Structure formats: structure tokens, C-alpha cells
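Working notes, beginning with the structure itself.
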Amino acid sequence: MAASAGHLRPGRYLALFALIVIVLYALVFLTGNHKPTPKLGIDLQGGTRVTLTARTPDGGQPTRESLNQARQIIERRVNGIGVSGTEVLLDGNNVVITVPGEQGDQAKNLGKTAKLGFRKVVSAATQPVVPPQPTTPPPATGTPTSGAPTSGAPTSGTKPPATSTAPPTAGGGGAAGALVQQQSTTPAAPSSSAPPASTPAPAPAPSDGSVDAQTAQEIQAAKALRQNPQLIGADGQPNQELVAKAMAALTCAPNAKDPLEGNDDPKLPLVACGDNDTAKYLLEPEFLPGTEIADSTSGYDQQRGQWVVNLSFKSEGTKTWADFTSKNQGQQAAFVLDTQVVSAPNIQVAILDGNTQITGKFTQTEAKNLSDILKYGSLPLSFASSDATTVSATLGLASLEAGLIAGGIGLLVVFIYCLFYYRLLGVLTILSLALSGALVFAVLVLLGRWIGYTLDLAGIAGLIIAIGITADSFVIYFERLKDEIREGRTFRSAVPRGWVRARRTILASDAVSFLAAAILYVIAVGDVQGFAFTLGMSTVLDLVVVYLVTHPLVAMVSTSKNSFLSNPRHLGLGAVQQVGSQRKKSTSVGRANVKEA
């Protein structure tokens with residue numbers, strides 16, 4: 001910036017600012033959805049805030065690394081399903097998901113564990129299992145009517161199974177993978193050589209950690225029954241007594257909460273529910289984890305007449321799946337999602353390319369949600385939804401109205417002060433503030449489109465405080481002008497000298513404000529970050545307005561040939577001009593006396 005008014009060309013600076021505003025508003029109206037409105041946060045437009053509490057099987061504290069990993073996976077899920085304006089933050093052992101607008105139902109599914117694993121089915125039952133009596137031999141579980149077929153074939157009299165064929169192997173060298181959806185199966189006969197074993201007592205539940213003592217005890221008790229290593233004998237046959245107890249203790253009613261959800265051990269056998277109210281399965285340890293999934297999509301199967309989820313595996317997963325389907329043709333493979341068997345098809349032929357389908361009683365939304373969850377990763381922790389708060393749009397509008405009223409009152413007070421104290425300079429202040437507001441508004445709209453920034457009440461508070469910071473810059477400049485005029489200089493000569501002295505103070509003041517906002521943004525979370533962001537952004541834009549608008553306008557007024565505009569009395573500088581004139585006269589008299597002496 002030039003140091004003298006003669007070298008300053010105000011028109012160039014004003015033209016540059018006008019060009020910036022024109023470009024910003026061209027982007028506002030000609031790009032995106034063409035709506036000149038910023039994105040609003042949950043407290044302004046309403047929405048849903050879901051708090052997920054992390055838990056571990058033993059009740060211990062989850063590691064910070066696992067919490068951060070879970071937060072990142074949930075963020076990927078958010079980006080994958082296109083929920084705009086959502087924030088995912090850590091608050092202690094909690095993950096807080098904030099979704100503005102009417103997309104809250106999707107947020108409730110973002111924290112699902114989605115722990116998918118593939119296990120071989122040992123036996124299955126489609127009827128409630130009665131626990132064995134101590135005095136009589138336990139009955140065979142799931143015994144069908146006479147003429148029961150061998151395991152893996154549909155029960156006599158049931159509807160013929162539907163057939164689904166996976167996509168053919170790339171290159172044409174492999175066979176197509178055909179999976180038959182199992183309708184009803186009988187458990188394999190128990191081995192007489194498998195010795196019954198007593199169920200181990202559950203381990204004492206810890207009293208501290210991320211789950212309460214009762215929940216931890218329920219997890220351990222469920223593990224002792226349903227993941228007992230002796231459920232399956234060394235010969236691969238089920239221990240009938242232990243299996244009957246485990247199945248009798250398992251509740252498969254709709255919406256029943258499974259304490260093992262997200263807490264099961266993949267290295268142990270598992271007794272799990274199927275996709276209906278009575279189907280129960282005894283499963284071998286997991287042979288293929290869901291982390292080997294490379295991609296997942298949902299679609300409508302015309303042959304089945306239902307929605308399905310299509311999976312493709314990574315290289316190692318493809319080899320494992322091909323090896324399993326090759327060795328276990330005619331057997332069932334269970335797709336276990338969060339300890340529930342979502343599908344248990346028969347393996348008809350080897351699936352060499354890894355392309356696989358998960359079938360179940362999915363709606364379109366359920367199939368898409370499952371596909372997205374599997375595609376964007378399994379969470380390293382299980383979560384319980386500890387709180388879900390819905391903020392109505394009516395409350396948000398009331399909050400927005402209150403924020404705008406507060407901002408308007410603040411602007412009005414600044415305007416009155418400037419007009420009363422600085423007169424025409426106050427008019428320049430009002431004009432500069434108006435242009436600053438236009439600049440801030442355009443930037444907020446564009447940031448909402450480009451980076452998904454949402455304006456909330458805390459952000460509005462930052463903008464209101466920024467009004468004071470911008471006004472403070474004007475006050476610093478005008479007071480420096482007064483100091484120069486008070487020393488006897490004219491208004492025209494005081495402008496360049498006052499600007500040189502004022503801009504150092506303005507830069508220092510704004511630097512401190514920006515540094516404070518930046519530090520607050522880094523160390524804070526949630527709404528406080530929104531406050532810090534708008535405060536820091538407004539501070540930067542304050543410098544743009546002061547340099548490109550306020551100082552050039554004052555310089556133009558100081559060089560104006562219009563006596564009304566350049567008259568110090570009309571600029572609120574009349575009193576200091578009189579002081580300057582008296583000081584100048586006193587100085588002149590003093591010099592004259594010195595010469596006479």
C-alpha cells in the first residue's frame with residue numbers, strides 16, 4: 001500500500017474488491033444448486049443427533065486408536081450414503097453423529113457393527129428347542145417328520161428352493177457359483193462318542209469400563225453357553241446336550257437384543273439366530289472374515305423377486321472362498337452379520353471368482369444399508385445407541401430468528417455510534433460493514449457447497465463478535481487520523497500518515513484474533529469449532545475490507561474537491577482540527593520568539 005495519498009490510486013483497490021465480489025456471487029448463482037443460501041446446522045434447521053457409546057466384551061476402556069478408526073469408518077459411511085452436512089465427532093468414549101435436516105433415520109444405522117463373517121453350518125433347527133431334562137435323554141433337536149432327508153436338502157413338503165446364480169467367472173475358465181437358499185434343514189445326528197461337558201461358569205464381570213456390570217455379565221454368560229468350545233466334538237459332530245441348552249437359551253424374537261452382537265469370538269463355534277423367528281444354527285468357527293470383502297452392491301434379483309446384496313472378495317478372500325466351496329459342495333455356508341445368520345445357502349458348485357450373493361428378507365432400504373455398511377468397513381468396536389435427540393425445524397427457525405435479531409441489534413448500535421462520533425466517516429464505516437457482510441455471506445454459501453460447512457448458532461455468535469473486530473479496525477484508523485490532525489496536519493496530509501501507523505496496529509490486532517480462533521478450532525470439538533471457524537474467517541475478510549474498501553474511500557474523501565465531503569467538521573474531526581490549529585499557532589509563536597531573542 002502506498003504511503004502517500006498522491007501515490008494511492010483508490011479506484012484500483014475498489015475495482016479489485018468489486019471484481020472479487022462479482023466473482024464470488026457469480027459462483028453463488030451459476031454453480032451448484034443456484035440457491036443463494038448457506039447450509040444450516042442442526043440447531044437452525046432441525047435434525048437428529050445420535051450418541052453412540054463404545055463397549056468392549058470385557059468391559060474395559062476402548063483404546064483411542066480403535067475409537068479414531070471407528071470414527072473414520074463412520075465418516076466413510078456418511079460420505080458413501082450421501083448424508084450431507086453430517087458431523088462425526090469423538091466425545092470421550094462416545095461417537096456423536098449430527099445430521100441436519102430430515103435424514104436422521106439414516107444416522108441411526110451408521111453405528112452398526114456390521115461384523116460379517118462366513119461360517120460352516122453344522123446343524124440347524126426350525127422349531128423351538130426344549131431344554132433336556134436331567135432324568136431323561138435329551139430329544140433330538142429340530143427332528144423332522146418321517147422320511148427326513150439328509151442334511152442340506154429341503155424338508156419334504158416344503159416349497160422348492162429358489163436358485164440364484166452368481167456372475168460367471170471372468171475369463172470363462174471357472175464354473176458359475178450357484179447358491180440355493182436353504183428353506184428348512186434338520187440338525188446332524190449327535191455323535192455318541194462326543195462326551196458331554198459341563199458348561200463353564202461365566203467369568204466375573206468387571207464393575208468399571210465402557211459397559212455396566214450387568215451387561216458385561218450377560219455377555220460372558222452368553223459366551224459360556226453359545227460359544228462353548230465343546231459345542232462341536234473333535235469329529236465335527238455337535239454335542240447334543242450343550243447345543244440344546246444353548247438353543248433353548250437363545251431368543252430369536254423380532255428386535256430381541258443379542259448380548260453377543262459385536263462381541264462374539266470368531267475362533268469359537270457359535271449358536272445363532274436365523275433370519276426368521278425360529279431358525280437357529282450351530283456354526284463352526286469363522287473361516288472367512290468380512291474384512292476380505294472388496295466391494296458390495298445391492299440390487300433386485302428378478303429370478304428370486306427380492307432385493308439382494310452382491311459381494312466380491314479381495315484376492316486372499318477369493319482363494320479362501322473358492323477353496324471352501326470346492327470342498328463343501330452340498331453343505332451350507334452361513335453369512336453371519338452381527339451374530340445373526342442373514343443367509344445360509346447350500347453350495348451347489350465351486351465359486352471360483354468370489355462373486356457372491358447375500359439373500360434375505362430385505363427391503364430396498366435394508367439391502368442398500370447393508371451393502372453400504374459392508375462396503376465402507378466393519379467397525380473395530382461395538383456401539384450402543386445411548387442417546388438420539390431430534391431437534392424440530394420450528395425450534396431451529398426460532399433460534400435462527402433470535403440470532404439474526406441479536407446480530408441486527410449489534411449492527412444498529414455500531415451504526416449509531418459511528419454516525420454520532422464520526423459523522424461522514426461513520427457513513428463510510430456503515431458502507432464498509434455492509435460490503436463485509438456481503439462478502440461473508442457469499443463465502444458461507446460457497447463453503448457449504450464445496451466443503452459441506454454448515455452454519456449453526458455458534459457460528460452466528462462468531463459472526464456477531466466479528467462485527468466488533470471489524471468496527472475496531474475502523475476505530476483504530478480514524479483515531480490515528482485524529483492524532484495526525486491534532487499535531488497540526490491537514491486532513492489530506494493526515495490520511496497517508498495515519499494509515500501507515502494504523503495498519504500496523506490493525507494487522508497485529510487481527511493476527512492475535514486469528515491466532516486465537518485457529519488454536520480454538522484445533523483443540524475444540526463440535527459447536528465451538530463452528531464459532532472459531534467463523535471468527536477466524538471474518539477476521540481475514542476484515543483485512544480485505546479495510547485494505548480494499550475503507551482506506552481507499554477515506555483517501556478519496558480527503559482528496560475530494562467537494563468542500564462538504566472534505567470539511568473536517570462534517571467528518572467528526574472539527575474539534576481535533578481546532579486543537580491542531582492552536583498547537584500550530586503556539587509553535588509558530590514560539591519559533592518567532594526564538595528568532596527575536
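What you are looking at is a predicted structure, and each value in this text was computed from that prediction instead of being measured.
Every residue was checked against the salt bridge (charged side-chain N to carboxylate O under 4.0 Å, His left out) condition with Asp91, not counting sequence neighbours, and none meets it. Residues that satisfy the side chain to side chain contact (heavy atoms under 4.5 Å, CB included) test with Ala461, not counting sequence neighbours, are Phe531. Applying the side-chain hydrogen bond (donor to acceptor under 3.5 Å, both in side chains) test to Thr339 and every residue at least two apart in sequence or in another chain returns Asp258. Residues satisfying the salt bridge (charged side-chain N to carboxylate O under 4.0 Å, His left out) criterion with Arg71, sequence neighbours excluded, are Glu75. Annotation: ring-ring contact (aromatic ring centres under 6.0 Å, His included) contacts of Phe533 (sequence neighbours excluded): Tyr453.
Smallest separation of non-hydrogen atoms from Gly330 and Asn346: O-OD1, 4.4 Å. Summarising the geometry of Pro238 relative to Leu282, their closest heavy-atom pair is CB-CD2, 3.3 Å, with the distance given to 0.1 Å. Thr356 and Phe313 make their closest contact through OG1-CE1, 3.5 Å (heavy atoms, listed as atom of the first residue, atom of the second, distance). The two atoms that bring Ser326 and Ala350 nearest to each other are OG-CB, 3.3 Å, heavy atoms only. Heavy-atom minimum distance, Arg119 versus Pro285: NH1-CA, 3.5 Å. Residues Ala532 and Ala517 share a closest heavy-atom pair of CB-O, 3.3 Å.
Glu286 places no side-chain N or O within 3.5 Å of a backbone atom of Pro266 that could act as its donor or acceptor partner. Side-chain N or O atoms of Lys280 include none that pairs as donor or acceptor with a backbone N or O of Ala125 at under 3.5 Å. For the pair Lys368 (side chain) and Gly299 (backbone), a donor-acceptor distance under 3.5 Å is absent. Judged by distance alone, the side chain of Thr325 and the main-chain N or O of Trp321 form a donor-acceptor pair under 3.5 Å. Gln72 places no side-chain N or O within 3.5 Å of a backbone atom of Gln69 that could act as its donor or acceptor partner. Checking side-chain atoms of Asn239 against main-chain N and O of Leu242 turns up a donor-acceptor pair under 3.5 Å.
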| said: Apply side-chain hydrogen bond (donor to acceptor under 3.5 Å, both in side chains) to residues Ser66 and Thr63 and explain how you reach the verdict. | reply: CA-CA 5 Å; Ser66 60; Thr63 64; 2.9 Å; yes
| Given the rule in the side-chain contact (heavy atoms from CB on, under 4.5 Å) test, do Leu311 and Gln357 qualify, once you have shown the distances and angles that lead to the verdict? | CA-CA 6 Å; Leu311 301 178; Gln357 251 182 17; over 6 Å; no
| Does the pair Gln227 and Asp264 meet the rule for a side-chain hydrogen bond (donor to acceptor under 3.5 Å, both in side chains), with working shown? | CA-CA 8 Å; Gln227 289 214 284; Asp264 61 303; 4.9 Å; no
| task | Could you give me the CA-CA distance, side-chain angles and deciding distance for Asn94 and Thr53, then say whether side-chain hydrogen bond (donor to acceptor under 3.5 Å, both in side chains) is met? | result | CA-CA 5 Å; Asn94 298 329; Thr53 302; 3.0 Å; yes
| query | After noting the C-alpha distance and the side-chain angles of Ser296 and Ser371, does the key distance pass the side-chain hydrogen bond (donor to acceptor under 3.5 Å, both in side chains) rule? | reply | CA-CA 5 Å; Ser296 174; Ser371 174; 3.2 Å; yes
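Proximity of Thr320 to Glu292: side-chain heavy atoms (C-beta onward) are nowhere separated by under 4.5 Å. At a threshold of 4.5 Å between non-hydrogen side-chain atoms, the residues Lys120 and Gln332 do not count as touching. A 4.5 Å side-chain heavy-atom check between Leu40 and Thr454 finds every atom pair outside the cut-off.
Screening residues 327-337 for salt bridge (Lys or Arg N to Asp or Glu O under 4.0 Å) gives Asp323-Lys327 as the qualifying pairs, with residues at least two apart or on separate chains.
The CG atom of Leu89 lies 11.0 Å from the CD1 atom of Ile74; values are rounded to the nearest 0.5 Å.
Using cut-offs of 30° and 60° for the angle between ring planes, the Phe335 and Phe118 rings count as perpendicular.
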